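Below is one structure, written out as structure tokens; comments come after it.
Throughout, a chain's letter reflects where its sequence line sits, starting with A, and its residues are numbered from 1. Values in this document were obtained by computation on a predicted structure and should not be read as measured data.
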Amino acid sequence: MKVLVAVKRVIDYNVKIRVKADNTGVETANVKMSMNPFDEIAVEEAIRMKEKGAATEVIAFSAGPAQCQETIRTALAMGADRGVLVQTDAELQPLAVAKLLKAVVDKEQPGLVIVGKQAIDDDSNQTGQMLAALLGWSVGTFANKLNVADGSVEVKREVDGGLENIKIKMPAVITTDLRLNEPRYASLPNIMKAKKKPIETLAPDALGVDVAPRLKTLKVEEPPKRKAGIKVKTVAELVEKLRNEAGVI
Amino acid sequence: MAVYKAPIKDIQFVLNEVIDVSKLAKLPGYEDATPDTIHAIVEEAAKLCENVLFPLNRTGDEEGCHYENGVVRTPKGFKEAYKQFAEGGWTGITCDPEYGGQGLPATVGFALQEMFTASNQAFAMYPGLSHGAYEALSRHGSDELKKRYLPKLADGTWSGTMCLTEPHCGTDLGMLRTKAEPQADGSYSLSGTKIFISAGEHDLTENIVHLVLARLPDAPGGTKGISLFIVPKFLPKADGSVGERNGIRCGAIEHKMGIKANATCVMNLDGATGWLVGEANKGMTAMFVMMNAARLGVGMQGLGIAETSYQSAVAYARDRLQGRSLTGPKNAGGPADPIIVHPDVRRMLMIQKSFTEGARALALWVGMLIDEAHSHPDAATREAADDLIQMLTPIIKAYFTDMGSECANLAVQTWGGHGFIRENGVEQFVRDARITQLYEGTNGIQALDLVGRKLPMKGGRAAQRLLGEISGFIAQHKGNEKMKEFVEPLEKAMGRVQDSALFLMQNAMKNPDEAGGAASDLLRLMALTAMAYMWNRIVVASHKGLEAANDNAFYEAKIATARFFMARVLPQTVSLNHQIKAGASTLMALPAEAF
């Protein structure tokens with residue numbers, strides 16, 4: 001069984017995000033970029049499946065500018081076998097990515113697609129679900145634990161009230177949650193080997209996908225600066241302020 | 001708290017824009033070391049340093065190593081971290097692929113070494129010493145020894161040490177007493193006591209490979225009668241697994257000022273079985289190959305400590321609200337301004353920043369020279385590179401470690417009283433840095449090596465090579481108006497080096513104390529000049545970066561830091577020049593009894 005994992009190039013989680021002066025988005029020039037942490041978890045899970053013999057090949061997919069190759073290389077250094085990059089400088093929204101993924105899934109015929117539940121840049125939490133809908137496949141979101149057996153996957157899901165166990169038919173789309181696993185560090189020999197693993201580059205047009213944005217960003221702003229707090233003397237005063245000033249109760 | 005984030009962007013800048021690391025992949029054998037691969041390696045190593053090694057730095061210091069009945073236990077977490085480090089292939093970065101290494105260039109090794117030391121010096125010493133043993137064995141060992149030991153050292157299953165020092169002899173190895181008796185089977189039986197053996201005994205690896213200096217029964221006295229032996233803790237069996245326990249045991253560990261998580265051992269050899277490495281009585285030559293590499297490694301430790309110290313100082317200076325700026329409040333809404341507003345705090349930060357960034361460029365340039373000396377197809381290029389390395393080795397060792405200590409102290413000073421408190425983790429840097437000025441030859445010995453060995457070497461050829469490199473740069477950039485403010489101070493500093501060297505040539509022949517008395521000052525003078533040269537190269541690279549109009553703030557900061565170095569660090573060369581020319585007479589005026 002092939003496993004396809006999607007990896008997104010995002011601003012590194014350590015970087016302090018700055019909004020562009022013209023309010024059209026966030027500053028990405030000269031900013032450290034890394035693989036979306038939830039996608040690292042997806043890659044790790046796929047590699048573990050391969051190591052256990054549950055998967056035969058792990059393919060790392062990314063979409064975006066040429067530099068996404070680096071993100072794919074990171075996945076290859078962790079242990080993925082080969083990469084597919086859909087290269088475009090266009091803005092990509094979840095639906096476009098889901099369509100691109102579907103086109104690659106049609107081509108590669110994996111038994112499982114594992115993606116991060118969301119990317120830490122736009123926090124959309126949509127791509128996996130959209131992909132499953134486009135494919136007509138089962139979907140297991142927010143996976144905390146996976147067990148692949150006999151043409152189905154047991155997924156322990158992180159839901160608001162706790163953990164939910166479901167069993168879904170394969171082929172399936174899985175979205176990873178934080179506690180599914182702890183991604184490994186790539187070893188030095190594997191970083192060297194990753195250089196020699198193939199990455200296929202495709203264009204959205206060649207896949208017959210129109211990636212034009214369907215959503216329009218009106219404005220991006222910094223969150224308001226936190227104001228200095230005040231001390232209240234009594235509980236009554238606190239309740240009064242919460243009710244009348246903050247309007248939260 | 002002390003902080004450390006690997007300075008990836010700065011490392012990449014030096015590699016790609018200052019020394020042009022893309023040249024490496026053109027050298028035979030280093031085809032895989034392309035800039036993108038090096039980038040991926042540095043990024044991955046950074047994760048390991050920040051998330052695994054650095055968190056163990058302070059806990060390792062607090063706990064230290066444990067000794068009980070000849071057995072040494074490293075602090076909690078070290079064993080697991082070492083396993084992760086070795087399994088990740090980080091013990092074999094520059095080792096030969098034939099023996100399971102990654103065959104990467106020294107330049108890459110240097111970049112990583114800085115990060116390993118910066119995040120955890122005591123930890124980094126364990127694989128560092130193994131690598132020293134690997135180098136000595138790979139250059140001087142027989143094929144049989146190489147086949148048996150190198151793969152285990154490269155993959156980190158076994159570790160290594162250098163056993164030189166004895167209770168009565170450190171610097172003066174000619175007095176060495178450990179004996180090696182030839183045995184019928186071609187092996188040797190070694191007896192004696194070695195002290196200050198870093199990583200001599202520990203629980204990180206299944207075997208420890210000691211490289212021991214000892215005397216054969218018929219050996220001549222002094223340094224010409226010393227041979228090098230390999231003495232494993234456990235005798236390897238034919239299949240490569242570990243066998244019988246050998247007669248080399250740890251008698252005690254030292255209680256030290258710093259690097260507490262690295263076991264510094266007394267090693268007793270009691271009829272221990274060993275094998276000769278290289279030729280009989282040529283042990284010093286073999287050891288010195290390793291020693292020169294180790295000295296550069298220690299210099300990198302100075303840089304690493306300086307970097308962590310600097311980062312910790314900056315974090316505190318930004319955070320600590322205390323008093324107001326002399327020119328009016330800069331944080332009007334807050335109870336006070338952060339102390340970074342004060343010129344004296346800036347002075348401390350700028351000294352550190354101008355050191356670490358310039359030193360990193362100098363170190364990685366030397367890394368590049370090592371790769372050229374090793375692999376360049378042109379013999380003349382190899383020779384030139386080797387001359388520069390020889391010249392710069394004592395300079396890097398002494399200057400980088402002196403500055404490592406200074407930066408660590410400046411970090412404590414920036415932190416004020418809180419820097420003195422153990423829980424904050426900054427005072428550890430002062431204690432850890434201190435050893436780097438002492439081991440692998442004290443910095444005084446480095447200065448003597450520079451003046452006594454390196455300057456006169458090959459009729460002054462190596463020194464001329466360094467000055468030629470710098471004057472070549474000056475000639476090339478002198479006409480450039482934008483470079484004037486950097487090239488001029490460099491040229492003046494170089495003039496002071498020449499003037500000081502001339503003074504020595506005229507006086508040291510008559511009175512060798514003149515050379516000894518000038519040595520440390522001359523080393524510092526040459527170090528500052530070499531730093532000024534690297535800052536010039538950084539400025540050239542930054543001008544190029546600015547032309548591309550990309551990330552201007554980064555390049556402007558480089559140029560501003562270069563200005564600080566020229567204006568407020570390099571002028572030390574004036575007084576050094578004066579001190580040297582004042583001669584040794586005032587040093588030696590008092591009779592020894594007068595002290």
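For A:Asp39 (side chain) and A:Gly116 (main-chain N/O), a donor-acceptor pair under 3.5 Å exists by modelled atom type. A donor-acceptor contact shorter than 3.5 Å links the side chain of B:Glu50 to the backbone of B:Ala6.
Using a 4.5 Å cut-off between heavy atoms, B:Glu87 touches chain A through its backbone atoms (N, CA, C, O) alone. Residue A:Ala29 does not touch chain B at all, counting heavy-atom pairs closer than 4.5 Å. Contact annotation for A:Asn14: only side-chain heavy atoms (C-beta onward) come within less than 4.5 Å of a heavy atom of chain B. In this structure, the portion of A:Glu70 lying under 4.5 Å from any heavy atom of chain B is its side chain and not its backbone. In this structure, chain A has heavy atoms under 4.5 Å from both the backbone and the side chain of B:Ile93.
The only option from A:Asp122, A:Thr71, A:Thr127, A:Asn36 that meets the side-chain hydrogen bond (donor to acceptor under 3.5 Å, both in side chains) definition with A:Lys8 turns out to be A:Asp122.
Ring planes of B:His131 and B:Tyr134: parallel class, angle under 30° (limits at 30 and 60°). Using a 30° and 60° split on the angle between ring planes, B:Phe116 and B:Phe85 fall in the perpendicular class, above 60°. Note on ring orientation: taking the six-membered ring where Trp is involved, the planes of B:Phe54 and B:Tyr4 are tilted (angle from 30° to 60°).
If you tally non-hydrogen atom pairs under 4.5 Å between each of A:Lys32, A:Arg73, A:Gln69 and chain B, the highest count goes to A:Lys32. Heavy-atom pairs under 4.5 Å with chain B peak, among A:Ser34, A:Pro189, A:Ala77, at A:Pro189.
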